[in-house]
Structure formats: structure tokens, C-alpha cells
Amino acid sequence: MQTRISSVAPQLSGGVATAEQGMVMLDGPDGVAISMSPEAAEATARSLLVAAEEAANQRGAEAHPS
């Protein structure tokens, strides 16, 4: 899978998740909305946490070049 880096500035506020009728609803910035099964939401949450940690480490490494 090819990684694309967007030239659009990243969002600084997170989305809001709610549970409705057995589904997880995620409302994000700029009108982004998605519904997921509980299993898909859990998988997405894990993936987001891993990616957030990696991105924070990358940002920290850029601030302290070797």
C-alpha cells in the first residue's frame, strides 16, 4: 500500500465517537462522519494509537536530528 502525504494542514482537534443502536458513529472535522461496527471501531482505535505514537516519535526525531 502506498503512503500518501497530504499537503492540507492536519486537523488539530479530534473526532467525537458515540454509540447508537449497536454501531459506533464517528463525527470528525469538516463534516466527516462514519459509522462502524464495534469490531471495526476497536480495530480503528488500535491502528490510530499505533500511528499516533509513531508520528509523535517522528516529530520528536525531526526536532533532534542526529
When the side chains of residues 18-27 are checked against the rest of the protein, which donor-acceptor pairs come out under 3.5 Å, sequence neighbours left out?
from	atom 1	to	atom 2	distance (Å)
Thr18	OG1	Glu20	OE2	3.4

Less than 3.5 Å apart, which donor and acceptor atoms pair up between the side chains of residues 45-55 and the rest of the protein, not counting sequence neighbours?
from	atom 1	to	atom 2	distance (Å)
Glu54	OE2	Gln58	NE2	3.3

Would you list the atom pairs, donor with acceptor, under 3.5 Å between side chains in residues 37-44 and any protein atom, with sequence neighbours excluded?
from	atom 1	to	atom 2	distance (Å)
Ser37	OG	Glu39	OE1	3.4
Ser37	OG	Ala40	N	3.0
Thr44	OG1	Ala40	O	2.8

